[in-house]
Amino acid sequence: MNELFAICQTGKIEDGDASGFLLMRIDETGEPKPWPILITRKGNNFCGFENACPHKGERLDAETGHFLDEEGNFLTCGHHQAQFDLDTGHCFIGPCQGKKLKSIEIVVDDGDVCVTGVELAEEDGLGL
């Protein structure tokens, strides 16, 4: 089993919302590198994605922490308004239509939302 790294408690992310976090991931050279991620919640289902739009690689939250459209239904890139499904990360509107956000493995363990399958540096857990 992969190691679990707790990101936050489940109650920190409201139902129908998304929250961003900045972790430090070990890259291919063994060096720590900033790794912005976001976690969405629908009921008791949590999904994780890298916080990078497939269009140009920019963070979705042009304004820190703002990931959703005005109605709160879709993840939206603040740079060019591409919209993504909260569960799958598939883009259905915008210049990256047909592409998807890179998903990350999320596990809920004893009330904590955890990421697994990656090697994090000791400086992880820097919330945005």
Side-chain angles (χ1 to χ4, degrees):
M1 181 175 165
N2 289 328
E3 190 170 354
L4 300 178
F5 298 95
I7 305 302
C8 67
Q9 294 181 332
T10 55
K12 181 173 169 140
I13 304 172
E14 297 291 326
D15 188 10
D17 204 358
S19 293
F21 301 90
L22 181 60
L23 308 179
M24 294 298 287
R25 183 177 185 175
I26 303 297
D27 70 9
E28 307 80 35
T29 67
E31 295 296 316
K33 177 182 170 187
W35 188 44
I37 67 168
L38 64 100
I39 300 173
T40 65
R41 178 179 186 179
K42 275 187 168 179
N44 289 325
N45 296 320
F46 293 84
C47 298
F49 304 100
E50 288 189 0
N51 186 359
C53 181
H55 180 227
K56 290 189 178 179
E58 297 174 298
R59 290 171 51 139
L60 295 179
D61 57 335
E63 186 177 331
T64 302
H66 292 273
F67 293 101
L68 302 179
D69 65 332
E70 289 182 16
E71 293 80 28
N73 295 322
F74 306 106
L75 292 169
T76 301
C77 179
H79 299 283
H80 59 272
Q81 310 313 304
Q83 291 192 320
F84 304 86
D85 182 82
L86 283 170
D87 296 318
T88 65
H90 280 97
C91 179
F92 59 92
I93 292 176
C96 48
Q97 186 172 352
K99 296 183 181 178
K100 66 180 276 190
L101 300 173
K102 184 174 180 183
S103 61
I104 59 174
E105 192 174 350
I106 297 294
V107 174
V108 176
D109 182 55
D110 197 26
D112 289 326
V113 179
C114 305
V115 65
T116 187
V118 296
E119 185 177 1
L120 297 179
E122 293 297 319
E123 304 90 82
D124 66 333
L126 303 172
L128 291 177

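The model shown is predicted, which means the values in this text are computed figures rather than measured ones.
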For this session: Test side chain to side chain contact (heavy atoms under 4.5 Å, CB included) on Leu120 and Trp35 and set out the steps.
Result: CA-CA 9 Å; Leu120 297 179; Trp35 188 44; 3.9 Å; yes
For this session: Check the pair Cys114 / Phe5 against side chain to side chain contact (heavy atoms under 4.5 Å, CB included), numbers first and verdict last.
Result: CA-CA 5 Å; Cys114 305; Phe5 298 95; 5.8 Å; no
For this session: With side chain to side chain contact (heavy atoms under 4.5 Å, CB included) as the test, would you mind laying out the steps for His79 and Lys56 before giving the verdict?
Result: CA-CA 10 Å; His79 299 283; Lys56 290 189 178 179; over 6 Å; no
For this session: Apply the test side chain to side chain contact (heavy atoms under 4.5 Å, CB included) to residues Phe84 and Leu60: give CA-CA distance (whole Å), side-chain angles for both, the deciding distance (0.1 Å), then the verdict.
Result: CA-CA 10 Å; Phe84 304 86; Leu60 295 179; 3.8 Å; yes
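Looking at Val108 and Asn44, their side chains never come closer than 4.5 Å, going by heavy atoms from C-beta outward. The shortest side-chain heavy-atom distance between Ile39 and Ile7 falls under the 4.5 Å cut-off. His55 has its side chain out of reach of Cys91: every pair of non-hydrogen atoms, C-beta onward, lies at least 4.5 Å apart.
Gln9 CD: 12 or fewer foreign heavy atoms inside a 6.0 Å radius. Within 6.0 Å of CD in Glu71 there are more than 12 heavy atoms belonging to other residues, nucleotides or ligands.
Residues in residues 32-50 take part in these salt bridge (Lys or Arg N to Asp or Glu O under 4.0 Å) pairs, two or more places apart or across chains: Arg25-Glu50, Lys42-Asp87, Glu50-Lys102.
Pairing each heavy atom of Thr40 with each of Leu86, the nearest pair is OG1-O, 2.9 Å. In terms of heavy atoms, Pro36 sits closest to Leu22 at N-CD1, 3.7 Å. Of all heavy-atom pairs spanning Val115 and Val118, the tightest one is CG2-CG2, 4.2 Å.
If you take NE2 on His90 and SG on Cys96, they are separated by 11.5 Å, rounding to the nearest 0.5 Å.
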Please tabulate, one pair per line, all N/O donor-acceptor pairs under 3.5 Å involving side-chain atoms of residues 14-21, not counting sequence neighbours.
unit_1, atom_1, unit_2, atom_2, d
Asp15, OD1, Gly43, N, 2.5

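Of the candidates Asp61, Ile37, Leu101, Leu75, Asn51 forms a side-chain contact (heavy atoms from CB on, under 4.5 Å) with just one, namely Asp61.
Grouping Ile, Leu, Val, Met, Phe, Trp and Tyr by side-chain contacts under 4.5 Å, direct or through others, puts Phe92 with Phe74, Ile93.
Under the 3.5 Å distance criterion, the side-chain polar atoms of Thr116 are matched with a main-chain donor or acceptor of Glu3.
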